[in-house]
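This report refers to the structure that appears directly beneath it.
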Amino acid sequence: MQNRRYPVLVQGKTYSVAEQMTDAFSTLFGANADEQAYLEASCLCWGQVDDLSVPTIVIKQRNGRSGHFIFRAPDTGPKHAPSCIFHEPYPRLSGLRAYDPVAIKDGMDGNTTVRLKKRLFKAAETTPGPAKQSIKLPTLKMKGLLHLLWTEAKLNRWFDSPSCERRLGLVNAEILKVAGRIITQDHLLSEHLLVHAPIGSQQEISNTDTIRKAIQEDSKLLLLAPLKKYARSRPDRPFAKLPIIGNFGLSAVLVPEAVWAKTTSRFATELKLWEEGVNVMAFALVAPRQSEEEAISQARDIVLMAVSDAWTPLQSEAVIAQEKAYRATGTSFLTPLRFDAPAETSLPDFLLLSGEKYQAVRLGEQQ
């Protein structure tokens with residue numbers, strides 16, 4: 001997968017990739033940004049065509065400063081060419097098919113609104129309406145939210161490019177960027193997400209402010225971190241503290257026995273891979289509080305995801321050797337994530353790009 005940008009067609013004029021990187025669209029907007037919040041345009045990832053199948057993008061002017069954002073219009077991801085930066089596979093090729101449309105909504109402002117099963121803020125008292133009969137899920141659980149962040153940050157795809165030579169700092173930066181356009185309970189997710197902060201960095205200040213506000217508001221936070229290398233001398237019992245790598249502004253993330261028991265039950269494969277030396281990410285919902293001069297927190301929910309050296313997800317032991325083989329041969333691939341879809345939902349292990357079409361690979365079906 002090339003993750004490429006292509007020329008775009010706006011009001012009958014074609015703008016090159018180089019022009020998109022400048023303020024070339026400034027003359028298309030009114031003097032007041034509120035006069036025209038955004039423009040719809042055509043992405044020419046399939047070439048110069050004039051029919052209605054041309055995928056749509058949105059150009060939005062930055063508020064209060066020059067420049068603009070470019071993003072795909074809602075529900076148009078599969079219409080873009082697979083090599084296009086705005087492309088997303090059909091939901092049927094991932095666990096996204098498990099959700100009701102109310103769970104994840106893309107907006108024309110470039111933001112995505114999600115409904116979470118476990119909320120960050122206490123819900124206001126409301127009068128429930130009539131129950132809607134649907135087999136689709138109306139909310140995302142923690143696992144679904146982690147998979148959404150990874151997918152939107154394009155960390156579940158790999159292609160032979162320096163941009164896929166990832167390290168923790170770059171991964172965190174991409175996750176924070178995506179979280180900055182995901183909204184839940186009228187709040188940006190990035191305002192409630194803790195990631196590792198180098199000592200003395202702006203992220204360290206941000207983490208401290210995030211924790212302080214959460215304590216004042218009695219809200220919960222999300223924390224994303226790699227687990228420490230597994231130590232065989234560690235007692236085989238629930239951890240008193242979550243064994244994570246990084247500086248988050250919390251002196252400890254305490255783990256109740258019931259929470260760890262639930263985690264070990266749900267993520268036995270990931271824990272086994274962790275013991276075998278595979279990198280595993282922890283995504284935790286935590287409730288912070290002030291204790292003397294330090295901030296501590298208690299984990300309310302923990303989900304785990306194994307990742308490769310390239311930070312692509314590893315959802316089973318079977319995919320590890322194949323993922324390494326694809327990278328060794330420079331084969332572009334995408335790993336469809338399960339989200340909250342039930343275990344019986346059949347998904348490809350990989351999607352390979354062949355020309356501008358996908359080849360679905362199910363390892364269990366290979367001879």
[atom2] on [Y] to [atom1] on [X], rounded to 0.5 Å:
| X | Y | atom1 | atom2 | answer |
| --- | --- | --- | --- | --- |
| E270 | Q315 | CD | CD | 8.0 Å |
| S94 | N156 | OG | CG | 9.0 Å |
| W158 | E165 | CH2 | CD | 9.0 Å |
| S332 | Y358 | OG | OH | 10.5 Å |
| L93 | L334 | CG | CG | 9.0 Å |
| F69 | I59 | CZ | CD1 | 13.0 Å |

Any side-chain heavy atom of [X] within less than 4.5 Å of one from [Y]?
| X | Y | value |
| --- | --- | --- |
| K154 | E174 | no |
| F25 | I70 | yes |
| L149 | L224 | no |
| L148 | F339 | yes |
| N279 | P226 | no |
| K118 | R300 | no |
| P348 | V361 | no |
| S161 | N3 | no |

Pick out which of [options] makes a side chain to side chain contact (heavy atoms under 4.5 Å, CB included) with [X].
| X | options | value |
| --- | --- | --- |
| T184 | T113, L189, L145 | L189 |
| S308 | T335, I320, V278, L314 | L314 |
| Q203 | N172, T208, V195, T210 | V195 |

Take N247 and H196, measure what side chain to side chain contact (heavy atoms under 4.5 Å, CB included) needs, and give me the verdict at the end. CA-CA 5 Å; N247 170 39; H196 167 65; 4.0 Å; yes
Assess, by modelled atom type and distance only, whether the side chains of T269 and E317 contain a donor and an acceptor separated by less than 3.5 Å. no
Ignoring hydrogens and geometry beyond distance, is a side-chain donor-acceptor pair present between Y99 and D340 at under 3.5 Å? yes
Does the [X] side chain pair with the main chain of [Y], one donor and one acceptor, at a distance under 3.5 Å?
| X | Y | answer |
| --- | --- | --- |
| E40 | T56 | no |
| W260 | I302 | no |
| R338 | T345 | yes |
| H192 | L221 | no |
| T139 | L116 | no |
| S16 | E19 | yes |
| R97 | P91 | no |

Would [X] and [Y] show up in the same hydrophobic cluster when neighbours are defined by side-chain heavy atoms closer than 4.5 Å?
| X | Y | value |
| --- | --- | --- |
| Y230 | I244 | yes |
| Y90 | L96 | no |
| L347 | L140 | no |
| M108 | F71 | yes |
| I183 | L146 | no |

[atom1] of [X]: more than 12 outside heavy atoms within 6.0 angstrom?
| X | atom1 | value |
| --- | --- | --- |
| R266 | CZ | yes |
| E292 | CD | no |
| K272 | NZ | no |

Side-chain ion pair, D100 and R115, N-O less than 4.0 Å: no
Electrostatic pair K177-E152, nearest N-O below 4.0 angstrom: no
Steps toward side chain to side chain contact (heavy atoms under 4.5 Å, CB included) verdict (D349, Q322): CA-CA 10 Å; D349 291 294; Q322 188 64 71; over 6 Å; no
I need the minimum non-hydrogen distance between [X] and [Y], along with the two atoms involved.
| X | Y | value |
| --- | --- | --- |
| K220 | P288 | CA-CD, 4.4 Å |
| F248 | A225 | CZ-CB, 3.2 Å |
| Y6 | Q20 | O-NE2, 2.8 Å |
| L242 | A282 | CD2-CB, 4.4 Å |
| I296 | S291 | CD1-CB, 3.9 Å |
| F86 | R5 | CZ-NH1, 3.5 Å |

Show, in sequence, the C-alpha distance, side-chain angles and deciding distance for V8 and L44, and conclude whether the side chain to side chain contact (heavy atoms under 4.5 Å, CB included) test is met. CA-CA 5 Å; V8 299; L44 301 179; 5.8 Å; no
Fit a plane to each ring of Y326 and F333, take the angle between them on a 0 to 90° scale, and name the class: parallel (under 30°), tilted (30 to 60°) or perpendicular (over 60°). tilted
Check: F283 ring centroid to H147 ring centroid under 6.0 Å: no
Please assess Q11 against L39 for the test side chain to side chain contact (heavy atoms under 4.5 Å, CB included), listing each intermediate value before the final yes or no. CA-CA 9 Å; Q11 297 179 353; L39 294 169; 3.8 Å; yes
